[in-house]
Amino acid sequence: MRLLLVTVFALALAAAAQAGPLQDAQAAYDRGKYAVALDLWQPLAEQGDPEAQTGLGNLYLGGYGVARDEAAAMAWFAKAAKQGHANGQLSLGSLYYARKEYATAASWYRRAAEQGNAVAEIRLARQYAEGTGLPRDDVQAYKWFSIAAVRAADSYARTNAAKGRETAATKLTPAQVGEAERLAREWKPKMER
């Protein structure tokens, strides 16, 4: 029993030693300790870390531990997005979408989707399906919904993507479905960073 306790304690210390300020900031954010997250992310974001920049953007967008400031959120998301950070690109795209700047939103969603961000893939697919900010293209909608259905980390996103794919399929001929499936199979994520 004593050996088990020593082993568990050693593993806990090793895990704590591997955690860094980014992980600590995210853990604080997840626990609602926004002032701690702000203190950890702020210097890293100012030094150019895109993950910290995205974290700060989330704080400002939600008004968590800071005054809600959409312009500051957009500025932090833009810094991360321009460095190729997929979550920063997704967040920036979402702000543009909320402002009804659909073409710009689609551009940022595409960049994040091409890196394998499943939420961005779903949002890009939806824009293709609806023709918002992009020409309506049900083949592309089906393709991106298919990719997201395979890649999504959570069941809600997978289900959402699968339903979107099913809806897109109803608007396609069998040949178009085959083309969309081929495009999805051949797709490979690109890494910007």
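All figures in this text were calculated on a predicted structure; none of them were measured in a lab.
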Checklist entry - If every non-hydrogen atom of Ala118 is compared with every non-hydrogen atom of Ala148, which pair is closest and at what distance? => result O-CB, 3.8 Å
Next on the checklist: If you compare all heavy atoms of Ala45 against all heavy atoms of Gln53, which two are closest, and at what distance to 0.1 Å?
Outcome noted: O-NE2, 3.2 Å
Next on the checklist: Taking Gly62's backbone N and O only, do any of them form a donor-acceptor pair with Arg68's side chain (distance below 3.5 Å, no angle check)?
Outcome noted: no
Checklist entry - Does atom OH of Tyr64 have more than 12 heavy-atom neighbours from other groups under 6.0 Å away? => result no
Item to check | Between CG on residue Leu59 and CH2 on residue Trp76, distance to nearest 0.5 Å | outcome: 11.0 Å
Checklist entry - Going hydrophobic residue to hydrophobic residue with side-chain gaps under 4.5 angstrom, can you get from Val66 over to Leu56? => result yes
Next on the checklist: Checking side-chain polar atoms at under 3.5 Å, does Arg126 have a donor or acceptor matched by the opposite partner on Asn160?
Outcome noted: yes
Checklist entry - Would a hydrophobic clustering, with Ile, Leu, Val, Met, Phe, Trp and Tyr connected at side-chain separations under 4.5 Å, put Leu90 with Leu61? => result no
Checklist entry - NZ of Lys188 to CD1 of Ile147: how many Å apart, nearest 0.5 Å? => result 10.0 Å
Item to check | Over all atoms of both residues, closest heavy-atom pair of Ala86 and Ala112 | outcome: O-CB, 3.4 Å
Next on the checklist: When you compare the side chain of Arg123 with that of Val119, does any pair of heavy atoms fall below 4.5 Å?
Outcome noted: yes
Checklist entry - Does Lys82 reach the side chain of Leu92, with side-chain heavy atoms less than 4.5 Å apart? => result no
Checklist entry - Are the side chain of Arg158 and the backbone N or O of Ala153 linked by a donor-acceptor pair below 3.5 Å? => result yes
Checklist entry - Would you say the side-chain atoms of Ser91 pair up with the backbone N or O of Gly88, donor to acceptor, closer than 3.5 Å? => result no
Item to check | Ala105 versus Gly93, closest heavy-atom pair with distance | outcome: CB-O, 3.3 Å
Item to check | Residue pair Glu130 / Tyr97: nearest heavy atoms and the distance that separates them | outcome: OE1-OH, 3.9 Å
Checklist entry - So, for Phe145 and Ile122, which heavy atoms are closest and what is the spacing to 0.1 Å? => result CE2-O, 3.9 Å
Checklist entry - What's the spacing between Glu186 CD and Glu181 CD if we round to 0.5 Å? => result 12.0 Å
Checklist entry - For the hydrophobic clusters of this structure (ILVMFWY residues joined by side-chain heavy atoms under 4.5 Å, transitively), does one cluster hold both Tyr128 and Leu172? => result no
Checklist entry - Should Tyr60 and Tyr34 be regarded as members of a common hydrophobic cluster, given that ILVMFWY residues are connected when their side-chain heavy atoms come within less than 4.5 Å of each other, either directly or indirectly? => result yes
Checklist entry - Any ion pair linking Arg182 and Glu179 (charged N to carboxylate O, less than 4.0 Å)? => result yes
Item to check | Side-chain heavy-atom pair Asn117, Arg111 within 4.5 angstrom cut-off | outcome: no
Next on the checklist: Working to the nearest 0.5 angstrom, can you tell me the gap between Asn58 CG and Tyr29 OH?
Outcome noted: 4.5 Å
Next on the checklist: I'd like to check Ser94 versus Tyr109 (side-chain heavy atoms, cut-off strictly below 4.5 Å). Are they in contact?
Outcome noted: yes
Checklist entry - Backbone N or O of Trp144 within a donor-acceptor pair of the Glu121 side chain at under 3.5 Å? => result no
Next on the checklist: Does any part of the side chain of Trp41, heavy atoms only, come nearer than 4.5 Å to the side chain of Leu22, both counted from C-beta?
Outcome noted: yes
Checklist entry - Donor-acceptor pair, Gln115 side chain versus Gly84 backbone, under 3.5 Å? => result yes
Checklist entry - OG1 of Thr54 to NE2 of His85: how many Å apart, nearest 0.5 Å? => result 4.5 Å
Checklist outcome for this item: Output for pair (Asp39 CG, Asp24 CG), nearest 0.5 Å, gives 12.5 Å
Checklist entry - If only atom types and distance count, is the side chain of Gln89 paired as donor or acceptor with the main-chain N or O of Trp108 below 3.5 Å? => result no
Checklist entry - Can you check whether Thr132's main-chain N or O pairs, donor with acceptor, with Gln127's side chain at less than 3.5 Å? => result yes
Checklist entry - Are Leu134 and Leu124 side-chain neighbours, meaning at least one heavy-atom pair lies under 4.5 Å? => result yes
Checklist entry - Linking I/L/V/M/F/W/Y whenever any side-chain heavy atoms sit under 4.5 Å apart, do Leu40 and Leu44 land together? => result no
Checklist entry - Counting heavy atoms not belonging to Lys163, are there more than 12 under 6.0 Å from its NZ? => result no
